Each structure stands twice: as C-alpha cells, then as structure tokens.
Amino acid sequence: MIDLHVHILPGLDDGPRSWEAALQMARLAVADGITTVTATPHLFARRVVEMSRLNDADRILAAAEELRRRLKEADISLEVAVGCEAPLCPEMLELLEEGRLLTVNGKGRYLFLEMPETAIPPATEDICFRLISRGLTPILTHPERHPLFRDRPERLAGLVKLGCLAQITAGSITGDFGWRVSRFTRKLLKAGLVTVVASDAHDSRRRPPRISPAVARLRRWLGESQAQALVLDNPAKILAGQPLT
Ligand SMILES: [Fe+2]
C-alpha cells in the first residue's frame, strides 16, 4: 500500500518531534503493509500563512533526504516521496510561480490542498480553477472532517466536478473522528467522490500511519478492486504524475 499523506518529517510542523519518533512511525507503517509514504508537511509550520515559517520545496526535499538516509541506516525498508499540504490562500499561487511550493513527488501535476478549519472561503472555486488551468490538480485533504462540507456536500461535489480530487483519512472510515464523520465518509465513498485514502499520520500513538483496518472495511463497502484503487492504484498514478484514467 502507498500512504499518500503523512506528516513524518520532524521539526517542520506538528508531526514527529525527533528523528527517532519519525523512525518509529516508519516502523509502524512497514508493519501495517505500507511500502511508500509521501511526506507532506504543512506548507506553513503553524498552519497559518507566515512566510518566516514556510516549508518551501528545498526545506522539505532536504529533510526527506535525511529521513531516507536514516531509514537506510536503521535498515527500515520504506520509500519516501515528497509533497506538502498547502492551505487555501492567495499566497500559494505566488509560491507556485516561484517554484517554492512542492507538488506531489515534485511532478507538477497534483497538490494537496487544505481548507481553513471552519470555513470554505468564497474564493475556493476560483483558486482551484486557477490551479487546474495551470495543469495542477488539487487534492482536497480530508473534506469528510470539515463541518461545512458535511452541511453542504454539494459544495464538495461541485469542486470534484471542477476537477479537484478528494483524499479522506483512514481513521474517518473506522470511526476515529466520531460517527457523524464516519457516516459522511461512507456516503462520499459510495458516491464515488473519493480518489485516495491515506493515514494523515502525525505520530506513533494518537495518529499513527495505519491504513489496513480502514482497507478491511473498504473491501466490505466497495469490493476488493475499489479498495485497492484507493490505497494503491490511484496513489501510484498520482506519485508518477500520471492522469487517473
Ligand atoms: Fe495532514
């Protein structure tokens, strides 16, 4: 399996606090059957637009290289791809122009995009349209956990129609975020609005890189091939910068 959205680079955001903690996450991922993770730190360390705390492409690439070196040293067999989780903001378009915004695996084809916690700004569709016009497909991170998408699912359906993709969190499937989220998640999956399931792990305990329990449920809900598409086939195409169909 490929875990396409993981906070595993220490010191860049609210992920692990040390290299040892990052390695522990990596061990858990491997034990869960994950062969590749995409390290996707928040674009801004504290999740608010703050240029002095920007995780630009160079910073993320250097930290990922260090993680690969340490994994090899510790004999942990896990591939590490790179990306970032960008908040929806006008600044991101500028950062993209300057080559400082890291797309998934640096391919310039897909980008993880996070909504503000309690809002879906009116500019959302406009910014997504601008990204799509540049050939970049936004992957909306965990819309199932967003209260406004739950209240107005047609807004999410509209964004998907516009060309955005949706990534849901594995824990949302298994009830880690409560029954409302779990019920809405199932609805989105059944409606075919979801392209990727990932752990969005931040540590080893509270939010570990574990997706196999969710996959077991996906098999029951959607069947084997669709379950596999969500955690392997689609993530592989996204990492390769290829179209999904
Ligand atoms: Fe995340």
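It should be emphasised that the depicted structure is a prediction, and the values quoted were computed from it without experimental measurement. Position 1 is the first residue of the sequence; numbering continues from there. Both ligands and their constituent atoms are indexed starting at 1 by order of listing.
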*With sequence neighbours excluded, tell me which residues meet ring-ring contact (aromatic ring centres under 6.0 Å, His included) with His7.*
His5, His42, His202
*asked:* Can you pull out every salt bridge (Lys or Arg N to Asp or Glu O under 4.0 Å) where at least one residue sits in residues 2-23? Sequence neighbours excluded, please.
replied: Glu20-Arg27
*asked:* Please check: side-chain N/O of Asn105 versus main-chain N/O of Leu239, any donor-acceptor pairing under 3.5 Å?
replied: yes
*With a 4.0 Å cut-off, would you call Lys237 and Asp233 a salt bridge?*
no
*Under 2.8 Å from the Fe ion (ligand 1), which protein N, O or S atoms are there? Could you list them by chain and number?*
His5 NE2, His7 NE2, Glu85 OE1, Asp200 OD1
*Does a side-chain heavy-atom distance below 4.5 Å link Val37 with Pro209?*
no
_Set of side-chain hydrogen bond (donor to acceptor under 3.5 Å, both in side chains) partners for Arg206, sequence neighbours left out_ = none
